[in-house]
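The chains referred to below are lettered A, B, ... by the order of the sequence lines, with proteins before strands, and numbering in each begins at 1.
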Protein chains: 2
Amino acid sequence: MSVKYAMLGLLHYRDMHGYRIKQHMEQHFGNLWSINYGQIYPNLKKMEEEGLVTKKEVVRSGAPTRKLYSITPAGREAFAEWLLSDPHGTMLLRDPFLLRFVFFGFGTRERALQLVDEQIRLYETHLAKRRENMRRWHRQGVYVRQMGELGLLLNETILEWLKQSRREIARSRGEEVLRAERMNLPLES
Amino acid sequence: MSVKYAMLGLLHYRDMHGYRIKQHMEQHFGNLWSINYGQIYPNLKKMEEEGLVTKKEVVRSGAPTRKLYSITPAGREAFAEWLLSDPHGTMLLRDPFLLRFVFFGFGTRERALQLVDEQIRLYETHLAKRRENMRRWHRQGVYVRQMGELGLLLNETILEWLKQSRREIARSRGEEVLRAERMNLPLES
DNA sequence: TTGACATATATACTTTTGATATATATACTT
DNA sequence: AAGTATATATATCAAAAGTATATATGTCAA
């Protein structure tokens, strides 16, 4: 349950309510990591019960009441312990576009090019936003800034790869691709 | 439910049993995408009920009985439909090391360097393996090979970033990092 | 011969995601 | 002035995905 500790980490900087936690999380992580309200609210509730955070309701006229959470000494302790522990498990990457990409050989080349072009536009937009965000990251500590840089590097790498792939797909004779990819090899062993 | 379609895609190439699906999935995806048995076996069972695949038991003396699955015409149809549909959602990245990384400012610089070094070793091992695998990917179609190349590129990018980060962390005065990162700003708004 | 590693299937459990509902504030557009 | 879109804010839940583990055999090497 790593999200819990990420939340405790953010609460070291300042008191926050659920909505703000989502924002800070994504910015802090160089726009690489996202979090979901379905994780935030149940975790805040649980952590309050465990005494890791305390809740302070901020009533505002008109707008819904804010629930501001603060980290407790017990929360800081739990976080420090986690930070010292060894990270286990490896990087997980999941992308709906990439999942289709490997199977493009079963479809037409035109459709493949169309989706790749769409993806190129998407990553170009992302890249522009990331470059803007670099200013924000530069005001943060070393590690947060480095995360922002990683986000930028990965974005650039993927974009270059997409463009290179596009060239190769456009160059390739559609028929050849299809035949090779559709080949039904016998089951070995 | 994208894993289901990835499995149907693999079954286009050849008949497979659960264990083999996991292997092929990871290789097909340039070692970028992993799948686990908790998804494979329940999905195979469900897809059999839906008539998307058929099961053939292969009894072997000594070793456990293999359950070989084949894709049906209905399965091919469901897959083709999915392939034509638009991918929705963006890339998701989840890494236990990176989650700790952004909070290294709350710990010691020595511990940060130690974990970064560990990660560098890990990615160097991965990189060597990926380069070996390039031969396998070259025998596949364009799209599978391109996925392998993306895996390689991302690995190289991350490794370079880790080394660059290490240099910067080593260069920085530990105290300064800590002070900046621990600064407790007031809640805006 | 013991231990490590690959093969192979299976499931209980936990976590995460995606979708949806509600309601106000603010900024822009026609 | 009315309409529209977007941002703020909290919350819930089913479905999907992921972790961890149990079982059992085969092979190879220390």
* **Near-ring test Phe101(A)/Tyr143(B), centroid separation under 6.0 angstrom** => yes
* Asked: Between Phe103(B) and Tyr5(A), is the gap from one ring center to the other below 6.0 Å?
  -> no
Determine the contact category for [X]: base if any of its heavy atoms lies under 4.0 Å from a base atom, sugar-phosphate if only primed atoms, P, OP1 or OP2 are that close, otherwise nothing.
X	value
Gly18(B)	sugar-phosphate
Ser2(B)	sugar-phosphate
Ile40(B)	nothing
Lys4(A)	nothing

At under 4.0 Å, does any side-chain N or O of [X] touch on OP1 or OP2 of [N]?
X	N	value
His88(A)	dA20(D)	yes
Arg94(B)	dT17(C)	yes
Lys22(B)	dA8(C)	no
Gln23(A)	dT8(D)	yes
Tyr41(B)	dT9(C)	yes
Gln39(B)	dA17(D)	no
Tyr19(A)	dT8(D)	yes

Using atom [atom1] of [X] as one end and atom [atom2] of [N] as the other, report the distance to the nearest whole Å.
X	N	atom1	atom2	result
Arg66(B)	dA24(D)	CZ	P	20 Å
Leu99(B)	dT15(C)	CG	P	15 Å
Leu44(B)	dA8(C)	CG	C1'	13 Å
Glu48(B)	dT9(C)	CD	P	13 Å
Asn43(B)	dG18(D)	CG	P	11 Å
Asp95(A)	dA17(D)	CG	C1'	16 Å
Lys67(B)	dA24(D)	NZ	C1'	14 Å
Ile35(A)	dT15(C)	CD1	C1'	12 Å

* Map Ser34(A) and Lys45(B) onto DNA chain C by nearest heavy atom, then report which one ends up closer to the 5' terminus. => Lys45(B)
* **Side chain of Lys46(B) - closest among dT10(D), dA19(C), dA16(D)** => dA16(D)
* Base partner of dT26(C), which must satisfy Watson-Crick or wobble distances under 3.5 Å -> dA5(D)
* Asked: Is there a Watson-Crick or G-U wobble partner for dC13(D) with both distances under 3.5 Å, and which nucleotide is it?
  -> dG18(C)
* Pick from Glu168(B), Glu156(B), Glu124(B): which one makes a salt bridge (charged side-chain N to carboxylate O under 4.0 Å, His left out) with Lys163(B)? -> Glu124(B)
* Aromatic Tyr69(A) / basic Lys56(A) pairing, under 6.0 angstrom, 45° off normal -> no
* Asked: Should Asp117(A) and Arg167(A) count as an ion pair when the cut-off is N to O under 4.0 Å?
  -> no
* To do: Could you walk me through whether Thr157(A) and Thr157(B) pass the side chain to side chain donor-acceptor pair (under 3.5 Å) test, one step at a time?
  => CA-CA 7 Å; Thr157(A) 303; Thr157(B) 303; 3.0 Å; yes
